[in-house]
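Computation of the quantities below employed the complete heavy-atom set of this structure, encompassing side-chain atoms and omitting hydrogens, waters and symmetry-equivalent molecules.
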Amino acid sequence: MDLRYEAFCFADPLFYDEQQENDAPADDFATPLTQAAAGWAATDRGVWRSMHPDKSVLPAQGWQIHVSAGLDNATRVLAQVYECCIAHGIAYKHLRSKVTLLARNSKYATDVGGVELATIYPVDNNELDRVLTDLSSRLADEHGPAISSGLRYGDGPLYVRYGAFAQQWVEHEGTRVPAIRKPDGRLVPDNRKPTFSLPDWVKLPACLQSSIVSRKGDPQTRFPYRVGSPLHISNGGGSYLANPKAGGDQVVLKEARPHAGLDEAHVDAIERLHREQELLDRLAGVPGVPRVVERFTVSERHYLAVEHLPGTSLADWLPRHHPLTRRSPTAAALATYTRRALDIVAAVEKTIEAVHARGIVLGELHPLNVVIDEDDHDRISLSSFGTAFDAETGDRPAPGAPGFRVPADRVGVEIDECAIAALRLWLFLPLWPLTEIAPAKLRRIADFVERRFALPAGYADNAVTVLAPRESSAEPAPLHTELDHEKPDWSLVRKQIAEAILASATPARQDRLFPGDIEQAGVGGACFGVGAAGVLHALDVTGAGRFPEHERWLIDAVRRDPPTRPGFYDGSAGIAYVLENFGHHDEAGKLLTSSARLVEQTTDHSLESGLAGIGLTLLHFATARQDNEFGRQALTTAVRLAEGLETAAPPGNSARAGLLSGWSGPALLFIRLFERTGEPAWLSFADQALCRDLEECIEFDDGSLHVRDGVARTLPYAGVGSAGILLAAEQLARHCPAAEAAVSLPALREACRGEFVDHPGLLNGRCGLAVALSANRDAEQPIRATVDQHLAWLAMYAVPFKGGLAFPGHRLLRLSMDVKTGGAGVLLSLAALLDGTEVLPFLGGTPSSSASGR
């Protein structure tokens with residue numbers, strides 16, 4: 001469970017989004033400020049407002065001053081920053097509103113290094129000294145959350161670090177990261193880890209010497225534990241496995257940072273930690289509740305050490321044990337899992353009853369908070385009490401994690417009873433988070449659970465009764481869509497998906513045109529994978545049409561914010577590909593030219609971000625424009641990949657194998673070059689690349705081959721997983737049936753035949769598995785039946801939206817319209833499956849299936 005997604009669930013009830021300014025004067029930080037003097041300019045960009053003298057020229061990098069504040073003093077702090085910077089003529093930027101500050105400082109926020117209210121850009125060490133001296137005096141009595149990536153100056157909320165002023169990027173360990181330039185001109189990563197560090201060629205200014213001395217005397221050196229692997233990290237702190245330096249049993253060390261990690265009630269992490277300790281003390285001796293070891297404070301951070309109860313979370317346990325992730329599970333397998341899941345529910349209920357007997361409500365129960373110890377007869381324990389409260393007070397905690405929220409009308413122990421009811425259904429069909437955006441899916445989930453598993457009479461109905469909203473005294477009316485028919489009208493379904501995509505467009509916004517995955521926050525809303533380029537491509541190639549006003553938005557977005565990545569799915573190459581196909585040749589050419597420097601720096605091999613996608617784009621331009629120069633560049637790129645293949649790093653802990661991140665992407669480029677040149681060496685390289693991805697696979701006892709992700713997780717998907725390898729391997733086998741990678745085709749196909757799949761999407765879910773299976777031109781009836789089953793399951797995910805049909809994205813918490821995770825990908829998949837069109841660029845067409853037979 002990727003907890004980053006929760007932070008993007010508070011701005012909009014239907015789509016992932018960052019908190020946006022609400023244009024209310026009371027929320028705008030700039031409203032009470034006096035207008036800048038003549039000669040100053042203000043520029044709004046996203047959540048930031050930049051203030052700078054008209055003729056000022058900033059260096060590309062240097063010392064930055066970060067200023068933090070709480071919600072209660074942010075306006076006051078910002079007023080002092082404003083007056084100081086105007087007086088000294090120094091450029092700065094600040095967050096535009098309180099709602100943005102709260103979102104970035106929430107317990108679900110992804111920035112674990114700290115949250116700045118403002119950043120100041122002195123042009124040299126003299127300005128740095130002057131501003132720090134003035135501002136530290138002004139803010140001496142103010143507070144704010146620590147910014148751990150900076151060096152604290154004085155006692156106020158001021159932190160200093162050396163870094164980039166202007167956007168510069170470099171590739172590091174396969175990922176494009178912000179960069180700074182060394183004296184010799186080379187770009188290196190701009191270290192933004194949650195600890196202060198100084199580049200080895202930068203001398204510490206005299207004005208910061210006392211801060212370094214103070215830091216070296218930090219009592220952190222007397223920290224009583226050796227901290228090991230993190231269990232969870234958030235903006236408010238983290239949880240870690242740790243061992244006492246003085247000896248003793250391993251503990252779970254919970255950290256809380258002052259003024260940080262605010263929840264919806266604006267309670268910070270320290271207050272939650274204090275409350276958690278008090279309640280754990282009251283629960284001492286309850287089986288499954290960890291014992292408090294000690295509490296202490298180091299460097300303003302508060303720590304609570306509690307007993308480590310071994311095991312794994314239910315969120316990690318379920319994918320490894322659920323029988324429907326396999327093809328055709330036996331009745332015995334279903335019965336065994338049912339007994340085990342019912343025992344788990346009973347154990348959770350028993351633990352919660354004991355908690356209630358002490359007068360305490362847990363407040364937030366979800367699969368990450370329940371730990372199962374398989375080595376101790378599936379013993380159950382609870383891992384988090386940060387939202388627990390006294391049942392007698394009548395208090396209700398913050399709403400809880402998106403996807404497992406409890407109805408607002410429940411109080412006291414009813415909150416936990418609802419959570420247990422949700423867990424009862426989730427253990428058998430983990431689609432429960434979908435009910436947050438489509439409450440009517442509750443009955444469909446319950447009906448499936450009753451039908452597929454031999455459960456006690458009334459098991460699912462009882463859960464529905466507990467979970468159904470009270471105000472209507474009845475559960476929501478079931479959702480019926482065209483997909484619910486035994487033989488859907490697929491042309492109508494496709495039309496409805498396109499209508500939903502178009503209805504979601506927000507051309508007035510500059511950051512995105514179509515809502516998609518949270519990845520938009522990092523790569524922008526224009527790219528192919530999660531942005532407008534991919535969506536417009538999907539609408540065009542599936543016959544939904546061209547939309548000039550949206551194409552204009554894409555062109556304007558690229559001109560306004562040129563891509564800082566050269567890749568196909570996350571940067572320039574994919575956007576250029578789409579613009580070229582739409583006839584915007586000048587814009588496409590400019591994009592490729594402007595990204596040439598980035599391409600030179602790229603060593604990433606992948607189709608998503610690296611050389612494979614770039615090379616395939618160049619090859620496409622060579623064909624479309626009949627331009628041999630593009631062909632030469634594509635060939636050079638392929639040679640770089642072939643050379644990299646010889647020295648490719650061994651499989652790591654996290655999965656990369658598959659279409660987007662693995663060597664299956666380069667294999668596609670090698671295959672396309674063989675088709676263009678006829679040189680058999682390219683097929684040999686393709687075989688080697690696919691075999692490299694196959695090294696990351698493990699074989700299940702049913703003969704299927706899955707991509708390994710970490711110790712206990714496996715992935716069957718197209719983006720990262722077995723289906724992605726299969727899509728490329730099928731194409732290699734058409735040219736070279738004797739290829740070594742072709743031997744694995746049957747096992748890869750088996751991995752795509754599981755009955756249950758978390759998500760509906762093309763690159764992260766069920767549609768990708770169906771498309772990969774359909775790539776087999778000689779598919780027999782069992783394979784065709786599985787494809788039909790995947791299509792039939794789309795009804796479970798489909799959500800009506802403004803007269804059309806939409807689908808949830810990753811984590812099922814919000815709808816998505818993009819290619820990777822949402823409706824555009826589903827639309828492309830249906831066109832490929834029903835018409836035989838190319839599902840994604842460079843993959844070629846698939847054997848078409850008769851729509852009338854579906």
Original post:
Pairs in or reaching into residues 632-654: which pass ring-ring contact (aromatic ring centres under 6.0 Å, His included), with residues at least two apart or in two chains?
Top reply: none
Subject >> Qualifying ring-ring contact (aromatic ring centres under 6.0 Å, His included) pairs, either residue in residues 578-611, two or more places apart >> reply: His605-Trp663
Original post:
With sequence neighbours left out, what residues match Phe807 under ring pair (Phe, Tyr, Trp, His ring centres under 6.0 Å)?
Top reply: none
Subject >> Set of residues satisfying side-chain hydrogen bond (donor to acceptor under 3.5 Å, both in side chains) with respect to Asp758, sequence neighbours excluded >> reply: none
Subject >> Which residues share a salt bridge (Lys or Arg N to Asp or Glu O under 4.0 Å) with Asp627, sequence neighbours left out >> reply: none
Subject >> Residues forming a ring pair (Phe, Tyr, Trp, His ring centres under 6.0 Å) with Phe630, sequence neighbours excluded >> reply: Phe621
Subject >> Those residues that, when tested against Glu750, pass salt bridge (Lys or Arg N to Asp or Glu O under 4.0 Å) (two or more places apart) >> reply: Arg327, Arg753
**OP:** Not counting sequence neighbours, which residues clear side-chain hydrogen bond (donor to acceptor under 3.5 Å, both in side chains) with His550? List them please.
**Re:** none
**OP:** Name all pairs fulfilling the side-chain hydrogen bond (donor to acceptor under 3.5 Å, both in side chains) condition that reach into residues 740-749, sequence neighbours left out, sorted by first residue then second.
**Re:** Glu730-Arg749
Subject >> Residue pairs fulfilling salt bridge (Lys or Arg N to Asp or Glu O under 4.0 Å) with at least one residue in residues 581-599, sequence neighbours excluded >> reply: Arg559-Glu587
Subject >> Residues which pass salt bridge (Lys or Arg N to Asp or Glu O under 4.0 Å) with Arg640, listed by chain and number, not counting sequence neighbours >> reply: none
Original post:
Considering residues at least two apart in sequence or located in another chain, which fulfil the salt bridge (Lys or Arg N to Asp or Glu O under 4.0 Å) criterion with Arg713?
Top reply: Asp709
